[in-house]
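What follows is a single structure, written as structure tokens, with notes after it.
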Amino acid sequence: MDLHILDHRLRVTSICKNGLENFTHPLIKLIFLRNRTRCKFFSLTETPENYTVVLDQEGFKELPSSDHLLVESSVWLPLNVVSNGNASSSSQAVGVTKIAKSVIAPLAQQHVSVFMLSTYQTDFILVREKDLAVVIRTLEEEFSIYREVDGESVPVLSQDTHNGLRRNDREVTQPTVHPVVIPQNQFCVMSLDPDTLPAIATTLIDVLFYSSSPKDGAPPCPELDCIKFFSFSLIDGYVSLVMDTEAQRRFPADLLFTSSSGELWRMVRIGGQPLGFDECGIVAQISQPLADSDISAYYISTFSFDHALVPEEDIVSVTAMLRQQREEPAC
């Protein structure tokens, strides 16, 4: 398999909900007026706590400085695994479980923090720019590694990164096993032709920026039974959306498309309190047991919590699996 280091330098930010009005204009510009910015990588995810915005340096310039904007200090680089052009069988697990053993687990063992962003099209593994040499050293035996430079894929040679590099030899500590919450919402992972974005502009703006206001006739949803989660990504010209079925019904059915199976997904939300960016192994704790059971999963990290989406038909077995993992005594 090939591992591509994409030609984006990303910032991970959070916008407080009570300060969203300060950012509506730049966010609308980044979503709908992509020809007026040079932003090539943009992702916006709403959770109950905040809006997580991941974007490249050009997009980051569009966000005004504000007390309502939190910025993680590191520059992040997105990695993407390509299976040498071979399409995966529909019976195989997809999403983050495809790379759990070959990418996620080895990086966790080397104390490399990752920030995951699964989309309709692919999975992005974000690593800190300062950790890139360790990442390459860790994964080079499993992958042919390329770095995108001005649109070209350039092989990364081992001697380019090994000079003066030592493996991370810190003592391996038992990672924290975080609590999980499994809300009742059903979710969809969908895509959209970017040229049709203007046709859904009104609905998308309403869902993203006015979703906290109650809708007439909408039944109340207890906090522990469902969760507000909506993710929009526009990356290198491809649109990806993750939304629950309630939000999906507000969009024109003929414009959004999903896999031929029309699969519904359930969420596993990781973290009893906001997770730290420096903690390693969070993604591995969820993705490895799913991979062992050949269960597909999308995974979206946000500024405060992590979120895994698994097929609805697997949620009972996933729940039992995670419960057993949390009941096992630490080694």
Locate the shortest heavy-atom distance separating [X] from [Y]; write the atom from each residue and the value.
| X | Y | result |
| --- | --- | --- |
| P311 | I295 | CD-CG2, 4.1 Å |
| I145 | I136 | CD1-O, 3.8 Å |
| I286 | A308 | CG2-CB, 4.0 Å |
| V53 | F42 | CG1-CE1, 3.8 Å |
| P183 | V181 | CD-O, 3.4 Å |
| D56 | R38 | OD2-O, 4.2 Å |

Quick one: pull up [atom1] in [X] and [atom2] in [Y] and give me the separation to the nearest 0.5 Å.
| X | Y | atom1 | atom2 | value |
| --- | --- | --- | --- | --- |
| Y51 | F232 | OH | CZ | 14.0 Å |
| H178 | I270 | NE2 | CD1 | 9.5 Å |
| I315 | L309 | CD1 | CG | 9.5 Å |
| L204 | L208 | CG | CG | 4.5 Å |
| F187 | I227 | CZ | CD1 | 6.5 Å |
| D123 | S118 | CG | OG | 3.5 Å |

Begin with the C-alpha distance, continue with both residues' side-chain angles, and end with the deciding distance and a verdict on side chain to side chain donor-acceptor pair (under 3.5 Å) for H68 and E21. CA-CA 10 Å; H68 299 289; E21 61 185 22; over 6 Å; no
Please list, chain by chain and in numerical order, all residues satisfying side chain to side chain donor-acceptor pair (under 3.5 Å) with [X], sequence neighbours excluded.
| X | result |
| --- | --- |
| E58 | K61 |
| T45 | S231 |
| D7 | none |
| Q57 | none |

Same apolar cluster: [X] and [Y], side chain cutoff 4.5 Å:
| X | Y | result |
| --- | --- | --- |
| I104 | L132 | yes |
| V316 | I182 | yes |
| M243 | L255 | yes |

Compare all side-chain heavy atoms of [X] with those of [Y] and state whether any distance is below 4.5 angstrom.
| X | Y | value |
| --- | --- | --- |
| C188 | V242 | no |
| M267 | N185 | no |
| S304 | T47 | no |
| R11 | E72 | no |
| I31 | L44 | yes |
| F209 | L27 | yes |
| V127 | L107 | yes |
| L126 | M116 | no |

Using a 3.5 Å distance criterion without hydrogens, assess whether the side chain of T37 forms a donor-acceptor pair with backbone atoms of C39. yes
For R147 and P155, indicate whether the former's side chain and the latter's backbone hold a donor-acceptor pair under 3.5 Å. no
Is the shortest distance from a Lys or Arg side-chain nitrogen in R249 or D244 to a carboxylate oxygen in the other one below 4.0 Å? no
Can we say K17 and E46 salt-bridge, meaning some charged N sits less than 4.0 Å from an Asp/Glu carboxylate O? yes
Using the side chain to side chain contact (heavy atoms under 4.5 Å, CB included) definition, which of the options T52, L10, I282 pairs with F115? T52
Hey, could you give me each pair passing salt bridge (Lys or Arg N to Asp or Glu O under 4.0 Å) that has a residue in [range]? Not counting sequence neighbours.
| range | value |
| --- | --- |
| residues 302-316 | none |
| residues 187-197 | R34-D195 |
| residues 103-113 | none |

Heavy atoms from other residues, nucleotides or ligands near NZ of K40 exceed 12 (cutoff 6.0 Å): no
Heavy-atom count check: over 12 atoms from other residues, nucleotides or ligands less than 6.0 Å from D254 CG? yes
Checking [X] now: which residues fulfil side chain to side chain contact (heavy atoms under 4.5 Å, CB included) with it, not counting sequence neighbours?
| X | value |
| --- | --- |
| S240 | T119, Y120, Q121, S233 |
| T203 | V207, R250, F251 |
| S102 | M1, I99, E142, F143 |

Apply side chain to side chain donor-acceptor pair (under 3.5 Å) to the pair N80 and T122, showing each step before the final yes or no. CA-CA 8 Å; N80 182 227; T122 190; 2.6 Å; yes
Residues sharing V75's hydrophobic cluster, by side-chain heavy-atom contacts under 4.5 Å among ILVMFWY, directly or via others? none
Aromatic rings Y146 and H4: how do their planes relate, parallel, tilted or perpendicular, breaks at 30° and 60°? parallel
When you look at D131 and H111, which way does the side chain to side chain donor-acceptor pair (under 3.5 Å) test go after all the steps? CA-CA 10 Å; D131 290 333; H111 301 277; over 6 Å; no
Any pair with a residue in residues 284-314 that passes ring pair (Phe, Tyr, Trp, His ring centres under 6.0 Å), sequence neighbours left out, goes on the list, sorted by first then second residue, please. F229-H307, W265-Y298, F277-F303
